[in-house]
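Structure, as structure tokens:
One is the number of the first residue; the rest follow in order along the sequence. Only a predicted model underlies this, so the values are computations on that prediction, with no experimental measurement involved.
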Amino acid sequence: MAHNFEILRRIRLKSGLEMTQSKDFDILAEAVKEKTGESLGVNTLKRVFGYKTRNVVARVSTLNIIARYLDYSDYESMIKDLGEDADISQFTSIDCIEAKDLDKGDRLMIKYDPNRMFLLTYLGDMKFLVDEAEGSKNIIKGDILTITQFVAGRRLIAVNVERNGKDLGGYEAAKYKGIESVEVIS
């Protein structure tokens, strides 16, 4: 969706919902129906917000309903209003640790909701050994994660996970609220 971040921000602002829990999408679906007289399914809203799947292109009819919920006549009008010069970007300080700036043996503690914690040791070449993995169903002690950077407030993305010499592919965590904290502990 063009200008995706700004549109999703406006939906959150208008609805007063964080869109981090399944019930938020039920409430939003009802609010959209009440405001526009048109229905958007809960699963459709989850896809739009990346809660269910990512990189999904919404249908024009869905985008038009979203635009009407946000007080525009249609999606095209909303995009024109946002325009190329719309204030949808900003400079900000970012709490970020980049793998290239670490020394072999450095240890990091990563925390994110709900109650997840990884204790990692840097092996070099953007690879981290998982020393502890609290609350995770997928990542376990001994896994090797390939991660370029850790950014507070953003998703944790491992471009590769290796377990017992086997490549498991990429991994994404902290999808809804982002990394709560990241710190070098030694």
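Not counting sequence neighbours, the partners of Thr148 by the side chain to side chain contact (heavy atoms under 4.5 Å, CB included) test are Met126. Partners of Ser22 under the side chain to side chain contact (heavy atoms under 4.5 Å, CB included) rule, at least two apart in sequence or in another chain, are Lys46, Tyr51. In this structure Tyr112 satisfies the ring pair (Phe, Tyr, Trp, His ring centres under 6.0 Å) test together with Phe118, sequence neighbours excluded. Here Tyr122 pairs with Phe128 under the ring pair (Phe, Tyr, Trp, His ring centres under 6.0 Å) rule; sequence neighbours left out.
A salt bridge (charged side-chain N to carboxylate O under 4.0 Å, His left out) check over residues 24-35, counting only residues at least two apart or in different chains, returns the pairs Lys35-Asp71.
At a threshold of 4.5 Å between non-hydrogen side-chain atoms, the residues Tyr75 and Leu70 do not count as touching. When side chains are defined from C-beta on, Thr62 counts as touching Val48, because their heavy atoms get closer than 4.5 Å. Side-chain contact between Glu183 and Ile185 is present, with heavy atoms from C-beta onward closer than 4.5 Å. Within the 4.5 Å cutoff, the side chain of Ile157 has no heavy atoms near those of the Tyr171 side chain. Looking only at side-chain heavy atoms (C-beta outward), Leu108 and Leu102 come within less than 4.5 Å of each other.
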Next on the checklist: Could you go through Ile97 and Gln149, starting from their C-alpha distance and side-chain angles, then the distance that decides it, and tell me whether this counts as side-chain contact (heavy atoms from CB on, under 4.5 Å)?
Outcome noted: CA-CA 6 Å; Ile97 295 176; Gln149 64 182 358; over 6 Å; no

Item to check | Verdict with reasoning, Glu98 to Cys96, per side-chain contact (heavy atoms from CB on, under 4.5 Å) | outcome: CA-CA 6 Å; Glu98 298 208 32; Cys96 176; 3.8 Å; yes

Item to check | Evaluation steps, side-chain contact (heavy atoms from CB on, under 4.5 Å), between Glu132 and Met117 | outcome: CA-CA 8 Å; Glu132 291 181 39; Met117 187 278 297; 3.5 Å; yes

Next on the checklist: Using side-chain contact (heavy atoms from CB on, under 4.5 Å), reason through Ile7 and Ile66 one step at a time and then give a plain yes or no.
Outcome noted: CA-CA 9 Å; Ile7 293 167; Ile66 290 170; 4.0 Å; yes

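Pairing each heavy atom of Ala29 with each of Val42, the nearest pair is CB-CG2, 4.1 Å. Heavy atoms only, all atoms of each residue included: Arg12 and Glu18 are closest at NE-O, 3.1 Å.
In this structure, Arg10 pairs ionically with Glu6, as a charged nitrogen and a carboxylate oxygen lie closer than 4.0 Å. Salt bridge absent: Glu180 and Lys111 never bring a charged side-chain N and a carboxylate O closer than 4.0 Å. Using a 4.0 Å cut-off between charged nitrogen and carboxylate oxygen, Glu38 and Arg68 count as a salt-bridge pair.
Here CE of Met19 is found 8.5 Å from CD1 of Ile27. Values are rounded to the nearest 0.5 Å. Remark: Ser61 OG to Asp74 CG distance equals 12.5 Å, nearest 0.5 Å. The structure places CG of Leu45 at 5.0 Å from CG of Leu28, a figure rounded to the nearest 0.5 Å. We find the CG-CD1 distance between Leu17 and Ile11 to be 10.5 Å, quoted to the nearest 0.5 Å. Summarising the geometry, atom CG belonging to Leu120 is positioned 6.0 Å from atom CD1 belonging to Ile147; distances are rounded to the nearest 0.5 Å. Rounding to the nearest 0.5 Å gives a distance of 3.5 Å between CG of Asp131 and OG1 of Thr121.
Annotation for Lys141: atom NZ does not count as buried by contact number, only 12 or fewer foreign heavy atoms lying within 6.0 Å. In the displayed structure, Glu76 atom CD is contacted under 6.0 Å by at most 12 heavy atoms of other residues, nucleotides or ligands. Other residues, nucleotides and ligands contribute more than 12 heavy atoms inside 6.0 Å of the CG atom of Asp101.
Taken together through direct or relayed side-chain contacts under 4.5 Å among Ile, Leu, Val, Met, Phe, Trp and Tyr, Val184 and Leu145 form part of one hydrophobic cluster.
A donor-acceptor pair under 3.5 Å is absent between the side-chain atoms of Arg155 and the main chain of Gly178, judged by distance alone. Using modelled atom types, one side-chain atom of Asp167 and one backbone atom of Gly169 make a donor-acceptor pair closer than 3.5 Å. No side-chain donor-acceptor contact under 3.5 Å links Asp103 to the backbone of Asp106. Distance alone, capped at 3.5 Å, places no donor-acceptor pair between the Thr44 side chain and the Leu40 backbone.
In this structure, Leu129 belongs to a hydrophobic cluster whose other members, linked by side-chain heavy atoms under 4.5 Å apart, are Leu123, Ile144.
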